[in-house]
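Data block below; observations after.
Nothing fancy with the numbering, it's 1 onward along the sequence. Basis for what follows: all heavy atoms, side chains included, without hydrogens, waters or symmetry-related copies. Indexing begins at 1, ligand by ligand and atom by atom, following the structure's order.
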Amino acid sequence: MIEKEPVSLKKLMNHPDVLKATSNENQELLERRKYKPPVCDVFKSRYNYLETLEEYCFELDRETKKQLPDLINNKVQAVRSADSPAPSLKKAYDKQRRIGVVFSGGPAPGGHNVIAGIYDAAKKANPDNKIFGFILGPDGIIENEARELTKELVDRYRNLGGFSMIKTGRTKIDTPEKMALSKKTCKDLNLDAIVIVGGDDSNTNAAFLAQEMKNDGVQVIGVPKTIDGDIQVRDSKGQVLCAMSFGFHTAARSFANEISNLCNDCSSDVKYWHICKVMGRVASHLALEVALQTHANMTLIGEDLANYIDKKRISQAAKQGAVDYTAYGMTLRHLSRLVCDGIVRRASVGKNYGVLVIPEGVLEFINEIQIFITKLNVIIAEYNATHDKNFHKEFLLLEDKLDYLRRLARQSREEEIISVWNTRDDDLFNDIPAFFQEGLLMERDSHGNFQFSLVETDKIIMGLVKDYLNILKEKGRYKLGIHKDFFKKTLKKEGLDPDFFGPVLFRNYDEGPYLLVKESIMSNKTLKQELIRGKVLKNEDKIPKAIEKIYKKSVPNFKTQLHFYGYDGRGSDPSRFDCNYTYNLGLTVFALIANNATGQMAAIKNLEFDFSSWQPVGIPIAPLMRLEERSGKLTLVIEKSVVNTHSTAFKVVESLREKWLAANPEEDNYRRPGPIRFTGKSEEDRPLTLVLNAIPNGHDLT
Ligand code: FBP
């Protein structure tokens with residue numbers, strides 16, 4: 001054998017194969033960076049003008065009129081190509097501009113392409129235009145932390161996920177001081193416009209900045225970002241202007257891929273229920289899309305639970321001439337019963353496994369929890385305002401917080417005053433597990449939102465499910481169905497006649513193919529008693545081994561694996577849909593800026609249809625605002641769009657629920673969406689929710 005000379009580590013590390021294998025510039029990355037998103041037809045022209053679309057109208061809020069007087073009359077504007085531009089338009093486009101961009105809130109796949117779109121359009125209009133990125137979100141505006149975005153930097157992040165180019169943050173520019181500092185930053189950087197890429201709260205903030213900066217000549221444009229999919233805009237006639245915020249498709253696709261893998265796994269080793277909590281702070285849009293993508297066995301939709309009516313209780317009360325208001329809406333206990341029902345029904349056909357999808361924000365739709373969240377929001381906000389202190393800093397431990405609540409309850413009792421927190425609230429609150437109490441008392445985010453992602457929703461629901469399953473087990477109602485063939489084979493092996501024992505052992509021996517052990521049989525003792533009563537065994541006989549084996553097999557062991565899908569999908573590289581969507585959003589932003597718009601949100605109309613019908617528009621933000629309770633105060637915000645339970649997408653999921661639960665002897669009905677495929681033809685071109693909701697006349701089904 002020829003001895004090979006040892007290679008030094010240094011030399012090895014410089015070997016081309018080692019360099020290639022360890023480089024972070026892998027093929028996927030290079031292909032992503034190279035990809036050039038197609039542009040909407042209007043952007044093929046060098047100049048765009050804005051056309052007001054009078055057919056869209058909104059109900060204007062009185063308070064918004066007061067607070068945003070210069071923006072309230074903004075209209076929907078369509079971006080049009082100007083093939084023979086007027087000299088004034090040419091001048092506006094040629095003008096040298098300085099534009100600041102900020103990411104606000106959680107990352108959403110596609111954000112970097114918004115910047116790439118703005119950058120490309122701005123440089124095309126005038127190569128001397130400059131784009132600045134504010135670092136770490138709105139704090140970057142307040143503290144003037146900005147960097148100029150160069151071609152090299154923008155190219156490095158094209159079609160890539162995350163917001164890592166300039167980072168993000170959740171600060172809200174909500175005080176006169178922060179506003180003054182923001183204005184100073186714009187002045188110091190000599191900015192013509194600011195672009196806020198954010199969710200409902202950040203776009204709300206964009207409108208307030210637009211109002212404040214109007215006289216300084218700084219334009220403010222918003223961009224609808226959030227994986228939650230809760231920025232969807234319709235006018236007061238229900239006409240869709242923005243079908244979905246960007247990032248939703250990628251996050252849903254990414255969650256769906258992981259969850260579909262779990263479907264494959266659980267239907268192979270048939271021993272676990274996978275409990276998948278998926279992000280979405282309040283609305284269940286992501287869960288709905290995941291259901292369509294994967295056909296998971298059960299998917300809870302918060303909005304659907306909120307609509308629940310217990311008809312039995314209503315008619316019982318009606319018989320006594322009363323109204324049972326507690327029959328409206330779902331309680332946690334009732335929800336756990338519904339989940340158990342699915343589990344028990346699957347088990348009865350031998351499927352003691354499955355996948356359950358729980359939206360992160362589901363508790364928002366459970367009456368009793370919603371009441372706690374609202375009451376605690378008010379209590380915390382009132383404490384902070386009255387004492388000029390931070391509730392969470394003053395009461396560090398859970399016990400201290402509970403103590404404070406107890407005092408409020410006592411005060412309301414002793415002084416006989418109507419208080420937000422009374423003895424009944426306190427008693428109910430003390431009944432819930434400590435980890436959940438802690439969750440409900442947790443600090444709200446800077447926009448006053450309850451932070452659902454920090455609450456172990458899945459643990460709360462599954463705790464109740466497990467308790468109830470144990471009760472059902474004790475009552476003999478949670479059993480694993482035994483296949484008739486298996487039963488017969490097992491008994492015959494021991495020389496026993498299955499038809500002799502079958503009718504005594506099972507409650508449905510004549511049916512099948514899955515047999516259910518009688519409810520009364522819950523132990524070896526009760527098994528023997530039943531066999532004796534059925535006259536297939538004598539008192540002094542031992543239970544035959546084969547029968548014992550069948551009985552043991554019929555006792556289900558409920559084992560779960562908990563998963564959380566959120567940050568992973570949020571950080572995923574964008575799907576082709578999101579790449580194209582966001583790049584065109586960036587181009588729309590520039591068209592709005594070049595046409596002197598402010599207080600508008602860039603959007604793409606017809607997103608739910610083929611790319612050829614996409615229409616870039618500017619949507620006025622102010623008319624979308626409503627008063628909402630935040631941190632105990634009525635505040636103007638853009639209304640969140642939640643799942644419409646009359647929409648086609650929801651109705652389709654609802655009517656396929658039973659099929660996907662697959663509580664029958666057939667195979668499960670799982671769908672394999674696969675990983676996001678950036679190149680090639682097999683990737684879908686838009687979210688399934690949008691495809692379904694775009695079916696003509698499919699909306700508002702009853
Ligand atoms: P945005 O609304 O800012 O886009 O964030 C959405 C979200 O990802 C929710 O789905 C989730 O509840 C929340 O952010 C998590 O917040 P955090 O990043 O602060 O943990």
Would you verify whether the NZ or CZ of Lys389 falls within 45 degrees of the ring axis of Tyr383 while also being under 6.0 Å from that six-membered ring's centre? no
How are the rings of Phe577 and Tyr581 set relative to one another: parallel (under 30°), tilted (30 to 60°) or perpendicular (over 60°)? tilted
Please report whether ligand 1 has a polar contact with Gly106, defined as an N or O pair separated by less than 3.5 Å (distance criterion only). yes
How are the rings of Trp660 and His295 set relative to one another: parallel (under 30°), tilted (30 to 60°) or perpendicular (over 60°)? parallel
Nearest non-hydrogen protein atom to atom 11 (C) of ligand 1, with distance, is Glu360 OE1, 3.5 Å
To check your reading of the model: name the closest protein heavy atom to atom 18 (O) of ligand 1, its residue, and the distance in Å. Arg570 NH1, 2.9 Å
Compute the minimum heavy-atom distance from Ala108 to ligand 1 and say whether it is under 4.0 Å. no
For the pair Glu303 and Ser284, evaluate side chain to side chain donor-acceptor pair (under 3.5 Å) and give the outcome as yes or no after the intermediate values. CA-CA 7 Å; Glu303 293 79 345; Ser284 300; 3.1 Å; yes
Ring-plane angle category for His334 and Tyr308, please: parallel below 30°, perpendicular beyond 60°, tilted otherwise. tilted
Among non-hydrogen protein atoms, atom 13 (C) of ligand 1 lies closest to Arg170 NH2, 3.6 Å
Protein contact to atom 20 (O) of ligand 1 [nearest heavy atom, distance to 0.1 Å]: Tyr567 OH, 2.6 Å
Per-atom contacts, ligand 1 versus Gly105 - under 4.0 Å to a heavy atom: 3 (O)
Please report which non-hydrogen protein atom sits nearest to atom 10 (O) of ligand 1, along with the residue it belongs to and the distance in Å to one decimal place. Asp228 OD1, 2.6 Å
Hey, is ligand 1 close enough to Ser104 that some N/O pair sits below 3.5 Å? no
Below 30° counts as parallel, above 60° as perpendicular, anything between as tilted: where do the rings of His112 and Tyr157 land? tilted
Of Ile141, Ile142, Asp139, the one forming a side-chain contact (heavy atoms from CB on, under 4.5 Å) with Lys178 is Ile142
To check your reading of the model: name the closest protein heavy atom to atom 2 (O) of ligand 1, its residue, and the distance in Å. Thr226 OG1, 3.3 Å
Gly199: heavy atom below 4.0 Å from ligand 1, yes or no? no
